[in-house]
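No hydrogens, no waters, no symmetry mates; every other heavy atom, side chains included, goes into these values.
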Amino acid sequence: MIGVVAAVSVLGPLKKPILYVWNAECFGWSTNDVGPRLVALGDSIAEGNSYVALGIHGDTSWYSYLVCGADAPAANGANLGKTGQTTDRIHARIDDALAAAPDILVVNGGTNDQARGVPLVDIVANLTAILDRAMDVDTVVLATVPRARSARSGPDDPLNDAIRGLAMERGLPVADFAQTLAEPGATLDGVHPTAKSARIMAGQVMAAVALGDHA
């Protein structure tokens with residue numbers, strides 16, 4: 001239930017206006033303590049237009065729809081999405097994710113690696129290292145990722161094939177963000193989800209872990 005949408009000009013690294021959704025129940029930030037603790041570890045696909053330092057949840061982050069509002073299925077844990085990060089940088093923040101005491105950890109990364117020409121074997125090694133460190137988390141979800149705009153188009157998608165293969169090898173659920181974001185009109189710029197897509201992605205996470213059954 002959306003109340004007011006505000007445009008906020010952020011100075012510093014972003015240096016661009018960001019649109020935040022102001023939810024009528026939580027006014028853009030979450031104090032929800034019901035349900036399992038959810039932590040998102042990834043890049044801008046998790047961060048969306050949120051301003052994590054202030055705990056503000058933007059409407060283009062799938063995480064927001066799972067923790068924001070009285071009826072949210074998960075307790076506020078941490079949105080540790082950071083724009084522009086490659087999987088080695090994401091791996092370097094795994095201790096921050098674990099310190100947030102997640103019951104559910106959703107890991108996404110690889111698009112920025114692809115854009116920078118990081119070899120697939122290195123991306124998989126970084127994701128594997130994250131999973132190795134997160135073995136004590138109750139539920140870990142791997143998310144597929146949108147292709148970098150510079151990536152070769154065509155039916156082959158070796159990065160997401162590798163992500164799905166890694167999830168199968170570990171017996172982990174998958175949130176297939178890539179499929180959603182490949183739909184016409186699903187992104188703002190070919191990579192980043194619209195608010196509508198972010199809501200659908202939140203539903204994919206719920207389905208992947210039967211999130212409603214955790215409460």
Side-chain angles (χ1 to χ4, degrees), residues 1-10 12-14 16-32 35-85 89-90 93 96-97 100 102-112 141-146 174-183 185-209 211:
M1 185 165 56
I2 296 174
V4 180
V5 177
V8 180
S9 179
V10 178
L14 294 177
K16 62 182 179 181
I18 297 179
L19 291 178
Y20 296 117
V21 61
W22 296 92
N23 183 287
E25 294 186 37
C26 65
F27 302 102
W29 61 86
S30 171
T31 56
N32 185 33
R37 286 180 60 80
L38 175 66
V39 173
L41 179 64
D43 53 28
S44 57
I45 303 303
E47 184 179 35
N49 59 354
S50 299
Y51 194 45
V52 174
L54 295 181
I56 296 174
H57 299 306
D59 64 344
T60 63
S61 169
W62 58 264
Y63 176 88
S64 304
Y65 296 95
L66 298 178
V67 302
C68 193
D71 296 329
N76 188 25
N79 183 349
L80 298 181
K82 284 196 174 183
T83 297
Q85 290 211 324
R89 300 291 299 278
I90 295 169
R93 296 187 292 113
D96 295 336
D103 298 305
I104 299 170
L105 175 67
V106 182
V107 178
N108 84 265
T111 302
N112 293 310
V141 180
L142 271 179
T144 58
V145 298
V174 174
D176 205 348
F177 293 168
Q179 183 176 6
T180 296
L181 296 176
E183 294 294 325
T187 69
L188 300 169
D189 55 5
V191 174
H192 298 94
T194 63
K196 179 179 179 181
S197 296
R199 187 184 290 274
I200 293 170
M201 292 157 69
Q204 289 175 309
V205 172
M206 286 186 66
V209 298
L211 188 49

Measure the spacing between CG of N49 and OG of S44 and express it to the nearest 0.5 Å. 11.0 Å
To the closest 0.5 Å, what do you measure between CG (D176) and CG (L181)? 9.5 Å
Looking only at atom types and distance, does a side-chain atom of S50 sit under 3.5 Å from a main-chain N or O of G58, one as donor and one as acceptor? yes
Find the distance between CD1 (I45) and OG1 (T83) and round it off to the nearest 0.5 Å. 9.0 Å
Is a side-chain donor or acceptor of Q204 paired with a backbone partner of A175 at a separation under 3.5 angstrom? no
First locate atom CG of N112, then atom NZ of K82, and finally report the distance between them rounded to the nearest 0.5 Å. 13.5 Å
How close do L66 and A72 get, heavy atom to heavy atom, and via which atoms? O-CB, 3.3 Å
Backbone N/O of V145 and side chain of N108: donor-acceptor pair under 3.5 Å: no
Can you name the closest pair of heavy atoms from V209 and V141 and give their distance? CG1-CG2, 3.2 Å
Roughly how far apart are W62 CH2 and S197 OG, rounded to 0.5 Å? 14.5 Å
Which atom of L105 lies closest to which atom of A97, heavy atoms considered: CD1-CB, 4.1 Å
Give a yes or no answer on whether the side chain of Y63 reaches the backbone of H57 with a donor-acceptor pair at less than 3.5 Å. no
For the residue pair T144 and F177, what are the closest heavy atoms and their distance? OG1-N, 3.0 Å
Where the side chain of R93 meets the backbone of G42, is there a donor-acceptor pair that is under 3.5 Å apart? yes
Work out which heavy atom in P73 is nearest to a heavy atom in Y65; give both atom names and the distance. CD-O, 4.3 Å
Euclidean distance, K196 NZ relative to T187 OG1, rounded to 0.5 Å: 13.0 Å
Least distance between heavy atoms, E47 atom then S61 atom: O-CB, 3.5 Å
Expected output: side-chain T111 to main-chain P146 donor-acceptor under 3.5 Å: yes
Could you tell me if Y51 and N79 have a donor-acceptor pair between their side chains, going purely by distance under 3.5 Å? no
Could you tell me whether the side chain of N76 and the main chain of V67 form a donor-acceptor pair under 3.5 Å? no
